[in-house]
Amino acid sequence: MESSDRVWRERSLRKAVLAGDEQAWRAWYDEAFAGLAAYVRWRCGGLRDVADDLVQETWLTAVKRIRQFDPEQAPFSGWLRGIAANLLRNRFRKEERRNGFLPPQSAKSGGAPDAELTRRENAERIGRALTSLPEHYEAVLRAKYLDGQNVADIAAAGGETPKAIESLLTRAREAFREAYGPREDAS
């Protein structure tokens, strides 16, 4: 959809939503839900329960703040992703203030590692690492690994050269590795 068509359509949907048109909300929800859910699951490292809660909280926040949405500034889907990213960042900060950041403990009571606990800990580490990245790093990683775009398509969409995107991906992957940190069980 052309940018001007998108802006016109989203401006119309926003106006209808503000007038109380439930069908307009339903159209927006149906259009944006799958992409938002995929983005949030990715940002949560695949933790479905955390992602489901975050998607729900994102929609509640969007309903409360719909007057602030400006189609001229960003697409509705981008606005929703921004809300979700901020909610997730705030969630991690709140957990860190409440509990302090504790390294994952992959074993229960000194016994063998519990596979589900280990999976959740790794997913939380992935989510924290993604949240700590600069937006342009997270965006290029999302385009490559979540959206499945190739380097040429990412370059074309951003008005960059493929070489520039390859370089950006290299820096973004390195920043992710650094944020993710070494495995605690590595000897």
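Computed over heavy atoms, backbone and side chain alike; hydrogens, waters and symmetry mates excluded.
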task = Find out if a path of hydrophobic residues (ILVMFWY) with successive side-chain heavy-atom gaps under 4.5 Å connects Leu87 to Leu130.
result = yes
task = Check whether any side-chain heavy atom of Trp42 sits under 4.5 Å from a side-chain heavy atom of Leu141, and report yes or no.
result = yes
task = With sequence neighbours left out, write down each residue that passes side-chain hydrogen bond (donor to acceptor under 3.5 Å, both in side chains) with Glu178, or none if nothing qualifies.
result = none
query = Do you reckon Leu88 sits in the same ILVMFWY cluster as Ile83, going by side-chain contacts under 4.5 Å, direct or chained?
reply = yes
remark   = One should read off an interatomic distance between Gln68 CD and Arg14 CZ, to the nearest 0.5 angstrom, of 9.5 Å
inquiry  = Quick test of your reading of the model: are Arg142 and Glu138 salt-bridged, counting only N-O distances below 4.0 Å?
reply    = yes
task = Grab the two heavy atoms, one from Pro162 and one from Val151, that are nearest each other, plus how far apart they are.
result = O-CG1, 3.4 Å
task = Kindly compute the distance separating CG (Leu146) from CZ (Arg41), expressed to the nearest 0.5 Å.
result = 9.0 Å
key: Between CH2 on residue Trp28 and CD on residue Glu10, distance to nearest 0.5 Å   = 6.0 Å
query = Would a 4.5 Å heavy-atom cut-off, applied to side chains only, mark Ile66 and Trp25 as touching?
reply = yes
task = Check whether any side-chain heavy atom of Trp79 lies under 4.5 Å from a side-chain heavy atom of Gln73, and answer yes or no.
result = no
query = How far apart are the closest heavy atoms of Arg43 and Arg89, and which atoms are they?
reply = NH2-NH2, 4.3 Å
Side-chain atoms of residues 50-61: list all donor-acceptor pairs with protein atoms under 3.5 Å, sequence neighbours left out, distances to 0.1 Å.
from	atom 1	to	atom 2	distance (Å)
Thr58	OG1	Leu54	O	2.7
Thr61	OG1	Glu57	O	2.9

note = Between Val140 and Ile165 the two heavy atoms that sit nearest each other are CG2-CG2, 4.2 Å
key: SB check Arg177 Glu174 (cutoff 4.0 Å)   = yes
query = Around Glu135, counting heavy atoms of other residues, nucleotides and ligands shown, do more than 12 lie under 6.0 Å from its CD?
reply = yes
request  = Indicate yes or no: at least one non-hydrogen side-chain atom of Glu166 is less than 4.5 angstrom from one of Glu160.
outcome  = no
ask   = Would you find a donor on one side and an acceptor on the other, under 3.5 Å apart, between the side chain of Arg6 and the backbone of Pro71?
value = yes
ask   = Is Glu31 salt-bridged to Arg9, cutoff N-O under 4.0 Å?
value = yes
key: Ala24 to Ala16 - nearest heavy-atom pair and separation   = CB-CB, 3.6 Å
hydrophobic_cluster_shared for Leu18 and Phe76, side chain cutoff 4.5 Å = yes
Heavy-atom pair with the smallest gap, counting every atom of Phe69 and Ala74 = CE1-O, 3.4 Å
query = Just wondering, more than 12 heavy atoms not from Arg171 lying within 6.0 Å of its CZ?
reply = yes
ask   = Measuring from Ser77:OG to Phe33:CZ, what's the distance to the nearest 0.5 Å?
value = 14.5 Å
message = Does anything in residues 126-178 form a ring pair (Phe, Tyr, Trp, His ring centres under 6.0 Å)? List the pairs, not counting sequence neighbours.
response = Phe176-Tyr180
key: N/O donor-acceptor pair under 3.5 Å between Asp147 side chain and Gln149 backbone   = no
task = Give, for atom CD1 of Ile154 and atom CG of Leu169, the distance between the pair rounded to the nearest 0.5 Å.
result = 5.5 Å
